Amino acid sequence: MRVLLIGSNGYLGRFVADRLLADPAVQLTALGRGDDADVRFDLATGSPGALTRFLDAVHPGVVVNCAGTTRGGARELTRHNTVAVATVCEALRRSGCGARLVQVGCSAEYGPSQPGSSTAEDAVPRPGGPYGVSKLAATELVLGSGLDAVVLRVFSPAGPGTPAGSPLGRLAEAMRRAMQSGDGELRLGGLGAQRDFIDVRDVARAVHAASLSAAQGVINIGSGRAVRLRDAAATLARVAGYGGALHELDAPPGAFRPTIGHPRGEALGHRADALGHHRADALGHHRADALGHHRPDPLGHRGDRTDGEQPAPVAYPYPDGCGSWQQADVRTARDRLGWRPRIVLEESLADIWMEAACRI
């Protein structure tokens, strides 16, 4: 089976490439913007005609599109997530190769959901930001193309290669810096959100299964279980062997609530913030939460505070526009792809930590 993989140098694409290359029946060709691609082509600027000529030359049976971006303004997101997919669909329509298309979508297309619920594929999408809108538009282009196509809506990927700028990546980096400098306390913000984390290697397995199946439409790829980010932080601390205390900045009003660890033992010493930057708690110094937003210490010092003195902490949203809760209904993936997640979150977090620890 000849497979054309678009976006093989990205976070998901690297693991999809490894999975496909492990199948002796697959002949893989990688297309992308990077130097490591077999063929260099930019979907955001290239023409459908040029891609059609390449498809007719290679004649793949399956095209897997992992390309896209999670950063940038609305214009850049539209170019790389929507216009690029329009180019793929148009090229496939013009080509005589008759290839099946496996498009990698994301859970941000759904937007916020009701806490406690599991989001199925027939849920009405209401993306909460430009990234989700750009990915939803791409999904609609694929579904309306008339092609033999399936869209895998991937929930929150985790595991090796997790970008340092993602919430889990920032947690690991904060912990690495704290351990390296001997800090016994971390203050973290944005830990109240609950997400459905799925290991990137399980995502690659799902893409492989979808390329072999006849399933069409939208299929959720997730673990089927929402995990609070503060619980993920506690697990990460355990696998890292971090013995300090984790304090949640945006806990409910009242005293800061430690997630794990030991009570504070010093009154005015140095500590690391959620990004690992050192700061002394002298009058007027600024602090940063886990998402990197700075704000002044409302009391100007670090001393213990009573309930009456403690202002309500500022909460910063999880950056995917999906609110406080997401959990996938993964029955369709089980029934139509024969796929189930295999790797537990603790293993994914251990791999994230191993990569962070290598920077110590």
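This is a predicted model, so every value here is computed, not measured.
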- Derivation of the side-chain contact (heavy atoms from CB on, under 4.5 Å) call for D148 and L101: CA-CA 6 Å; D148 174 13; L101 173 61; over 6 Å; no

- R33 to F41, cation-pi by 6.0 Å centre distance and 45° axis angle: no

- Beyond-backbone contact of N65 with V102, side-chain heavy atoms, under 4.5 angstrom: no

- Which heavy atom in P341 sits nearest to a heavy atom in G222, and how many Å separate them? CG-O, 3.9 Å

Side-chain atoms of residues 17-24: list all donor-acceptor pairs with protein atoms under 3.5 Å, sequence neighbours left out, distances to 0.1 Å.
residue: R19; atom: NE; partner: H208; partner atom: ND1; Å: 3.3
residue: D23; atom: OD1; partner: A25; partner atom: N; Å: 2.9
residue: D23; atom: OD2; partner: H208; partner atom: NE2; Å: 2.9

- S166: side chain to side chain donor-acceptor pair (under 3.5 Å) partners, not counting sequence neighbours: none

- Task: First locate atom CD1 of I352, then atom CD of E347, and finally report the distance between them rounded to the nearest 0.5 Å.
- Result: 11.5 Å

- Message: Can you confirm whether R14 is buried at CZ, in the sense that more than 12 heavy atoms of other residues, nucleotides or ligands lie under 6.0 Å from that atom?
- Response: yes

- Message: What I want to find out is whether E121 reaches R153 closely enough, with some N-O distance under 4.0 Å, to be called a salt bridge.
- Response: no

- Answer yes if the side chains of Y242 and D183 hold a donor-acceptor pair under 3.5 Å, and no otherwise. no

Show me the donor-acceptor pairs within less than 3.5 Å that the side chains of residues 132-146 make with the rest of the protein, sequence neighbours left out.
residue: S134; atom: OG; partner: N81; partner atom: ND2; Å: 3.1
residue: S134; atom: OG; partner: P130; partner atom: O; Å: 3.4
residue: S134; atom: OG; partner: Y131; partner atom: O; Å: 2.7
residue: K135; atom: NZ; partner: V104; partner atom: O; Å: 3.0
residue: T139; atom: OG1; partner: E109; partner atom: OE1; Å: 2.8
residue: T139; atom: OG1; partner: E109; partner atom: OE2; Å: 3.2
residue: T139; atom: OG1; partner: K135; partner atom: O; Å: 3.3
residue: S145; atom: OG; partner: V142; partner atom: O; Å: 2.7
residue: S145; atom: OG; partner: L147; partner atom: N; Å: 3.2

- Message: Does R334, at its CZ atom, have more than 12 non-hydrogen atoms belonging to other residues, nucleotides or ligands within less than 6.0 Å?
- Response: yes

- Message: Filter on salt bridge (Lys or Arg N to Asp or Glu O under 4.0 Å), then keep only pairs touching residues 199-219, sequence neighbours left out; what's left?
- Response: D199-R201, R201-D351, D202-R205

- Salt bridge present between R238 and E346 (N-O < 4.0 angstrom): yes

- Rounded to the nearest 0.5 Å, the OG1 atom of T69 sits from the CD atom of E76 at a distance of 5.5 Å

- Query: Can D38 and T29 be counted as having a side-chain donor-acceptor contact under 3.5 angstrom?
  - Reply: no

- Could you tell me the separation between the CG atom of L51 and the CG atom of L92, rounded to the nearest 0.5 Å? 7.0 Å

- Note on the structure: In short, F197 meets V227 closest at the heavy-atom pair CE1-O, 3.9 Å

- Query: Going by heavy atoms in the side chains, are Q103 and V150 under 4.5 Å from each other?
  - Reply: no

- Any chance you could pull the hydrophobic cluster mates of I343, using side-chain heavy atoms under 4.5 angstrom and chaining through other members? none

- Item | Distance in Å, L5 CG paired with L31 CG, rounded so as to fall on 0.5 Å steps | 9.0 Å

- Message: Does R71, at its CZ atom, have more than 12 non-hydrogen atoms belonging to other residues, nucleotides or ligands within less than 6.0 Å?
- Response: no

- Message: The test is side-chain contact (heavy atoms from CB on, under 4.5 Å); show your working for D320 and R195 and say whether it passes.
- Response: CA-CA 10 Å; D320 56 6; R195 289 294 181 270; 2.9 Å; yes

- Message: Whether the D196 and Q326 side chains hold a donor-acceptor pair (N or O, under 3.5 Å, no angle test) is what I'd like checked.
- Response: no

- Message: Could you tell me if S118 and Q327 have a donor-acceptor pair between their side chains, going purely by distance under 3.5 Å?
- Response: yes

- Message: Does any part of the side chain of V203, heavy atoms only, come nearer than 4.5 Å to the side chain of F15, both counted from C-beta?
- Response: no

- Message: Side chains of D56 and S95: any donor to acceptor distance under 3.5 Å?
- Response: yes

- Item | Y11-T70 side chain donor-acceptor pair, cut-off 3.5 Å | no

- Query: Do you know the tightest heavy-atom contact between S107 and C322?
  - Reply: O-SG, 4.0 Å

- Taking W339 for the side chain and A209 for the main chain, is one N or O donor matched with an acceptor at less than 3.5 Å? no

- Message: Between E173 and R176, does any NZ, NE, NH1 or NH2 come within less than 4.0 Å of an OD or OE carboxylate oxygen?
- Response: yes

- Message: Does atom CE (M1) have a neighbourhood of more than 12 heavy atoms from anything else shown, all under 6.0 Å?
- Response: yes

- State, with a plain yes or no, whether a side-chain heavy atom of T119 is found less than 4.5 Å away from one of S113. yes

- Can you tell if the side chain of T235 reaches within under 4.5 Å of the side chain of L345, non-hydrogen atoms only? no

- Message: With a 6.0 Å cut-off (strictly less than), is the heavy-atom count around CZ of R336, excluding the residue itself, greater than 12?
- Response: yes

- With the 4.5 Å side-chain cut-off for hydrophobic clustering, are V207 and L337 part of the same group? yes

- Message: As a quick check of understanding, evaluate side-chain contact (heavy atoms from CB on, under 4.5 Å) for R100 and V63, giving each step before the final call.
- Response: CA-CA 6 Å; R100 171 174 171 78; V63 174; over 6 Å; no

- Step-by-step side-chain contact (heavy atoms from CB on, under 4.5 Å) determination, V330 to I221: CA-CA 6 Å; V330 294; I221 303 299; over 6 Å; no

- Query: Would you call T78 and R75 a side-chain contact if the rule is heavy atoms closer than 4.5 Å?
  - Reply: no

- Task: Quick one: list whatever passes side chain to side chain donor-acceptor pair (under 3.5 Å) with E355, sequence neighbours left out.
- Result: none

